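Source: prediction; values computed, not measured. For the numbers below, each heavy atom of this structure counts, side chains included, while hydrogens, waters and symmetry mates do not. Lettering follows sequence order; numbering is per chain, from 1.
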Amino acid sequence: MAFTRRDFIKTLGIGGGATLLSGCVSMSEERNNSAAKVVVIGGGSGGATVAKYLKHLEPALSVTLVEPTATFHTCYGSNWVIGGFKQMADIAQSYGNLQDKYGVRVVRDRAIAIEADKHQVRLAGGTTLNYDKLVVSPGIDFRFDAVAGYNKEDAQRIPHAYQAGEQTVLLRKQLEAMPDGGTFILVAPGNPFRCPPGPYERASLVAHYFKQHKPRAKVLILDNKENFSKQGLFVQGWKELYGEMIEWVPASQGGQVEEIDVNNKTLFSDAGFNEFKGDVINYIPPQRAGQIAADSGLTDPLGWCPVDQKNFASTQHADIYVIGDASMAGEMPKSGHSANTQGKVVAVDIIRRLREQESVELSAVNTCYSLLTPDYAITVAAVYKYIDGSIRGVPGAGGVSPMDVDREFRRTEAYYAQGWYDSITDDIWG
Amino acid sequence: MIKHPGVRMGLLPLLVGGFLLLGSTAAPAADEPSDVSQGALLAITCFACHGFEGKSVGGMPSIRGFPADYLISQMQAFRDGSRPSTVMGRHATGYSDEELRIMAHYIEMISKQ
């Protein structure tokens, strides 16, 4: 699995056995990785970060980023659009800077196959890309068959809005069209899933919208779990901000949805014993790694990608890394911030391997800001290291915002939530 | 009690000025390999919140342009709670003195480039 000296010479496309044996490779040639090719699949928070940082830290590398869309909408911030105080343009990112400022070759296409033995990626448009190192950052796909009565096409009527874009707009329009006094039902998935606090931030911001425009409406969360991220802080905030408007139902009390009647916007749990009728339904299906990962043999039986916990190298295929939501990253949550920090870990690791240096010790960070109103935010943060065979939070560090603090503290975190968005998107796509 | 986020930003020009007066060594020669050390990895993780290369484009404080000693002292103050914060205390407690040292020196180094 290690990148051998022979691989390195081959990668450079210089010399042969004679050069290698005679030790004639000069230091400057060793540092010239101009022929080393890195391909990155997926232009989200993980893929765009690794592509940019590879070129930033080692400009001589050839880096190709494969991404089907010209405009990428971040999933983080999409609840702000659903809550009605941000526009889609505010969460839109593009690839011009990666290409023009950093020299990343951006290919607007979709990867359809990875041929690990040949070190090749095939694209839907017919192109084949060769790689020395491949980074797969495909995000999530949904398990649309997880409940009876619902399939992929039904997302046009009962949106998930958990990949930002048209789905975000669709849910927002449905909420705008909903009558006052109506019920919004959000169905939250079991663990693991993208953005653990995401459904609860969404419930909060829908309530924020209702409070201003439909004060008799209700928000009902049906959950496949018994507890959720930042629960104490969310529950405290909901009561303080929205009174009884938001109701949360855990799995054991009827929250585990088993069947959806799409036409009648009705949900069933406990073998039909419980029935919930909504005016707008937001069903967030359970998830798995993006399709390309499954198609390429990078996933485990549960649909996520196992990786070396020291450097995100796939345990399934050599010279392939998997980062972001698709990867099994120990205690790290599936978040944009995690993907960003993982992209940096991998960029550094690839460059060091091409220089025939050992990996450095893994160091990663996550911070998740959640808004309960535009002026009220809570956070969870952690610093991660490789500890006892897996990626774990450093003991004594991290944690959630304090309970029972004054409104100024929440307002300050809300100010920083926007600052975080501005910084991380500039770090990734700027 | 957390002061308004903008308050401490007033320190920035002073410190940047002070830093420039300290003088700086020349940036590494163009043919020297870039720094992909442990300190580099530790430092670039900060940029998600504090902006690419430590230069914030929005409401987060920039960390670029500060001398390493100042960055270390502030991280230690966040870590022991003597400097109040919203989230920085929860991050700073994740790092040893040695990690803070190499992280801060990387940020100082790129600030001079």
Side-chain angles (χ1 to χ4, degrees), chain A residues 27-28 31 49 52-53 56-59 336-337 340-341 344-345 347-349 351-352 355 357 360-367 369 377 379-385 393-394 396-401 405-406 408-409 411-413 415-428 430, chain B residues 1-9 29-64 75 78-79 81 84-96 98-100 102-103 106 110 113:
Chain A
M27 285 309 287
S28 63
R31 285 170 185 155
T49 298
K52 173 173 168 175
Y53 271 82
H56 171 59
L57 295 171
E58 194 79 296
H337 198 133
N340 167 267
T341 196
K344 293 167 182 176
V345 168
V348 166
D349 200 67
I351 294 167
R352 291 184 67 89
R355 293 179 184 176
Q357 297 169 333
V360 295
E361 191 182 319
L362 180 136
S363 179
V365 175
N366 180 64
T367 314
Y369 283 88
T379 55
V380 59
V383 178
Y384 297 94
K385 287 187 178 157
V394 176
V400 298
S401 307
V405 291
D406 62 24
E408 185 61 19
F409 193 100
R411 203 160 67 82
T412 304
E413 291 219 290
Y415 174 86
Y416 284 140
Q418 180 66 52
W420 172 87
Y421 186 90
D422 295 341
S423 283
I424 198 166
T425 52
D426 184 58
D427 191 36
I428 299 169
Chain B
M1 181 61 63
I2 305 302
K3 291 181 182 160
H4 188 274
V7 171
R8 281 197 198 84
M9 297 295 282
D31 61 350
E32 263 187 53
S34 57
D35 185 344
V36 285
S37 63
Q38 186 74 61
L41 178 59
L42 283 162
I44 61 179
T45 61
C46 307
F47 300 163
C49 292
H50 291 286
F52 182 61
E53 295 272 85
K55 191 177 172 189
S56 172
V57 295
M60 286 289 184
S62 289
I63 53 175
R64 188 185 178 85
M75 285 296 280
F78 283 129
R79 194 174 62 187
S85 66
T86 50
V87 78
M88 276 311 299
R90 287 178 266 156
H91 285 298
T93 41
Y95 301 103
S96 68
E98 174 59 12
E99 287 166 336
L100 295 182
I102 58 178
M103 179 193 290
Y106 179 87
I110 61 164
Q113 289 175 354

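Of all the listed residues (Pro59(A), Gly399(A), Ala397(A), Gly396(A)), the one sharing the greatest number of non-hydrogen pairs under 4.5 Å with chain B is Ala397(A). For the options Gly336(A), Gly419(A), Gly398(A), heavy-atom pairs under 4.5 Å to chain B are most numerous at Gly398(A). Comparing Val87(B), Ile44(B), Asp35(B), Val57(B) by heavy-atom pairs within less than 4.5 Å of chain A, the highest count is held by Ile44(B). The candidate with the highest count of non-hydrogen atom pairs below 4.5 Å against chain A, out of Ala92(B), Gly51(B), Cys49(B), is Cys49(B).
Residues satisfying the salt bridge (charged side-chain N to carboxylate O under 4.0 Å, His left out) criterion with Arg352(A), sequence neighbours excluded, are absent altogether.
Under a 4.0 Å N-O distance rule, the pair Arg90(B)/Glu413(A) qualifies as a salt bridge.
Within the 4.5 angstrom heavy-atom criterion, no atom of Gln418(A) approaches chain B. With a 4.5 Å cut-off on non-hydrogen atoms, Tyr53(A) touches chain B through its side chain but not through its backbone. Looking at Thr341(A), only its side chain comes within 4.5 Å of chain B, counting heavy atoms on both sides. Within the 4.5 angstrom heavy-atom criterion, no atom of Ala347(A) approaches chain B. If you measure heavy-atom distances from Val405(A) to chain B, you find no contacts under 4.5 Å at all. Using a 4.5 Å cut-off between heavy atoms, Val394(A) touches chain B through its side chain atoms alone.
When all heavy atoms of His337(A) and Asn366(A) are compared, the pair lying nearest together is CB-OD1, 3.3 Å. Looking at every heavy atom in both residues, Asn340(A) comes nearest to Ala48(B) through OD1-CB, 3.4 Å. Of all heavy-atom pairs spanning Gly59(B) and Tyr415(A), the tightest one is O-CE2, 3.5 Å.
With Phe52(B) as the aromatic partner, Lys52(A) meets the cation-pi criteria of under 6.0 angstrom to the ring centre and within 45 degrees of the ring axis.
Annotation: side chain of Ile351(A) is not in contact with side chain of Gln357(A) (no heavy-atom distance under 4.5 Å).
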